[in-house]
Amino acid sequence: DGGITQSPKYLFRKEGQNVTLSCEQNLNHDAMYWYRQDPGQGLRLIYYSQIVNDFQKGDIAEGYSVSREKKESFPLTVTSAQKNPTAFYLCASSKGQQNPLTEAFFGQGTRLTVV
Amino acid sequence: SQKIEQNSEALNIQEGKTATLTCNYTNYSPAYLQWYRQDPGRGPVFLLLIRENEKEKRKERLKVTFDTTLKQSLFHITASQPADSATYLCALDSRTGGFKTIFGAGTRLFVKA
């Protein structure tokens, strides 16, 4: 089945640690996105990528880093510079700007907690 | 500044009634607007897309309108059911700094039996 997979579902991070969230899609989508969702709030864009080996900062990129070495994969690293990383992280993909009138497909999310 | 606003207060309605959710935007010029459903602890799921030149779009019990003059979209669920209880998010395209999809905060809908 085609889809987008995030792992792990739950992640615990100690203060000062970097952690990496995985996002893989087999939909052959060009565009991939990372969003952060805090309780009672909407999705805030962290980073996005329209094509392999290229990505742009979203509204809240500080303390995060990404890579897009393969079309299928868009991992997000939450660095120790992110002061309040506890949140629900959502990865999405879409056909992108070549086919903008299509929807985004989301993974099931990773809930990150700092302990 | 650019904003997408949805009712922050939860909407409580009785089963069988029509639920109407509002999405307003400021300083965007979207070519289209989308609506998604999100259940607790899950990723959003796409429901409907409406283009800027379309006034209305329907899908089963769902109806979306898009008024680019008012900068507003309305999302209706007719004959609502308890299973419709969820958070509904609107989203639009932004081309500032590269093509991307921006989401509103969502409105929580509760349908009582």
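These values consider heavy atoms only, across backbone and side chains, with no hydrogens, waters or symmetry-generated copies.
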Counting only heavy atoms from other residues, nucleotides and ligands, does the tally under 6.0 Å from CD of A:E62 exceed 12?
no
Flag yes if more than 12 heavy atoms outside A:I51 fall under 6.0 Å of its CD1 atom; otherwise flag no.
no
Per-residue contacts, residues 36-45 of chain B versus chain A, heavy atoms under 4.5 Å:
B:Y36, B:Q38, B:G41, B:R42, B:G43, B:P44
Shared hydrophobic cluster, B:Y28 / B:L74 (ILVMFWY, side-chain heavy atoms < 4.5 Å)
no
Contacts with chain A made by residues 103-113 of chain B (heavy-atom distance under 4.5 Å), listed by residue number
B:F103, B:G104, B:A105
B:K100 side, atom NZ; A:S49 side, atom OG - distance, nearest 0.5 Å
13.5 Å
Among the clusters formed by ILVMFWY side chains lying less than 4.5 Å apart, do B:Y32 and B:L62 turn up in the same one?
yes
Proximity of residues 106-115 of chain A to chain B, residues having a non-hydrogen atom under 4.5 angstrom:
A:F106, A:G107, A:Q108, A:R111
pair B:L49-A:E103: side-chain heavy atoms closer than 4.5 Å
no
Are B:L89 and B:L11 linked, directly or through other ILVMFWY residues, by side chains that come within less than 4.5 angstrom of each other?
yes
Look at atom CZ of B:R51 and say whether more than 12 heavy atoms of other residues, nucleotides or ligands are closer to it than 6.0 Å.
no
Strictly by side-chain hydrogen bond (donor to acceptor under 3.5 Å, both in side chains), give each pair with a member in residues 9-24 of chain B just once, sequence neighbours left out.
B:T20-B:H76, B:N24-B:Q72
Are B:L47 and B:L33 connected, step by step, through hydrophobic side chains (Ile, Leu, Val, Met, Phe, Trp, Tyr) whose heavy atoms are closer than 4.5 Å?
yes
Do the side chains of A:V52 and A:M32 join up, straight or via other hydrophobic residues, at under 4.5 Å, putting them in one cluster?
no
Side-chain heavy atoms of B:I102 within contact of A:Y35, under 4.5 Å:
no
Side chain, backbone, both or neither: which part of A:L45 has an atom under 4.5 Å from a heavy atom of chain B?
side chain
